[in-house]
2 protein chains.
Amino acid sequence: MDPTDKAILAILQRDSATPVSEIAESVGLSATPCWRRIKKLEEEGVIQRRVALADPAALNLSLTAIISVKTAQHNEAWLKRFADAVQRIPEIVEVHRMSGEVDYMLKVVVPDMAHYDRVYKRLIATAEFSDFTSTFSMEVLKQTTELPLDYA
Amino acid sequence: MDPTDKAILAILQRDSATPVSEIAESVGLSATPCWRRIKKLEEEGVIQRRVALADPAALNLSLTAIISVKTAQHNEAWLKRFADAVQRIPEIVEVHRMSGEVDYMLKVVVPDMAHYDRVYKRLIATAEFSDFTSTFSMEVLKQTTELPLDYA
DNA sequence: TCTGAAAATAAAGGGCT
DNA sequence: AGCCCTTTATTTTCAGA
């Protein structure tokens, strides 16, 4: 990717409220071409969206759980039920189908253990698991939406 | 939290580029009080920041690894080395200190296995681990920065 | 593709209910 | 708290090099 585009993207990944004029100055352009590059990045989908990041603690979401599960049945119907369920449960913020021992990993944010248990019950009510293990985050050392631009 | 503030936050979590006038209309306010509520949410830190989310695929970051590690030494010096290292490595996007069996879990985004291996080598060069296991995401079923507002 | 300026739109603030 | 109205800033478009 063009180095100027990368520089623009780096700024927007940190703070998408930065005025175009300020970004332009940073990357050594005037506002118009800088603005056009940003538009292009959005059209191409390199920039997917602009969002506000909320503070989990302020929203009473102090407990983060990482769940590893194995499915009881490897078939289409099970997957559909599972995929639909995780979409519908807002406390589930991330789900991956994994290689190796476990089939899926989930990240869940909730106020406390009692609420975690409710999400757990909701999950096992929807789809059958042959294994279900969870661990909890005691402390967040790093958490960022900034992706490395070195390979683009 | 005030229901109107929640409604505003819900919109901004989805799309922080939404004009204040439009948000105001959605929540049944005029622009000024809506704008003031947004400012307040920012000042209070409920809204931490506004960012642009980039497409990992477009940045050549197709491989996501979840790493579980155990530390060889439970002491201050080890932790400092480890914490510093993960901050410096941009491919590491998330790090938690965990309860239970493993000590830390990391999320890493890279172009491919070769690059994953470079991050691995960089990590083990910095701090000693008694255990280091990684699994890889085959497919992302859900991934969102939107936090549930039901508990706030 | 850039610059520079103009036009359109949105954000920020003042004064009042 | 909220609304209306004004000012300021920012975004977006346009003419020209």
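For the numbers below, each heavy atom of this structure counts, side chains included, while hydrogens, waters and symmetry mates do not.
For the atom pair A/Arg88 CZ and A/Arg122 CZ, the distance stands at 7.5 Å (nearest 0.5 Å).
Taking atom CD of residue B/Glu25 and atom P of nucleotide D/dC3, one finds them 13 Å apart after rounding to whole Å. Between the CG atom of A/Asp5 and the P atom of C/dC2 there is a distance of 10 Å, given to the nearest Å. Distance B/Leu29 CG to C/dA11 P: 15 Å, rounded to the nearest Å. Residue B/Ile8 contributes atom CD1, which lies 9 Å from atom P of D/dG2 at whole-angstrom precision. Computed from coordinates, the B/Arg37 CZ to C/dA11 P distance equals 17 Å when rounded to whole Å. For the pair A/Lys39 NZ and D/dC14 C1', the interatomic distance rounds to 17 Å; values are reported in whole Å. Rounded to whole Å, atom P of C/dA10 lies 13 Å from atom CG of B/Asp15. The CD1 atom of B/Ile38 sits 12 Å away from the P atom of D/dG2 (whole-angstrom rounding).
With A/Glu128 contributing its side chain and A/Gln73 its backbone, the two residues share no donor-acceptor pair below 3.5 Å.
You'll find that the side chain of B/Arg36 is closest to C/dG14, out of C/dA11, C/dC2, C/dG14. Nearest to the side chain of B/Val20, among C/dA12, C/dA11, D/dG2, sits C/dA11. Side chain of B/Thr32, nearest nucleotide from C/dC2, D/dT10, D/dC4: D/dC4. Taking only side-chain atoms of A/Trp35, from C-beta outward, the nucleotide of D/dC3, C/dC2, D/dT11 with the closest atom is D/dT11.
A/Pro19 comes within 4.0 angstrom of sugar-phosphate atoms only, judged by non-hydrogen atoms across all strands, and of no base.
The hydrophobic cluster containing A/Val140 does not contain A/Leu61, counting ILVMFWY residues as joined when their side-chain heavy atoms lie under 4.5 angstrom apart, directly or transitively.
Proximity of the aromatic rings of B/Phe129 and B/Tyr104 is defined here by a centroid distance below 6.0 angstrom, and this criterion is not met.
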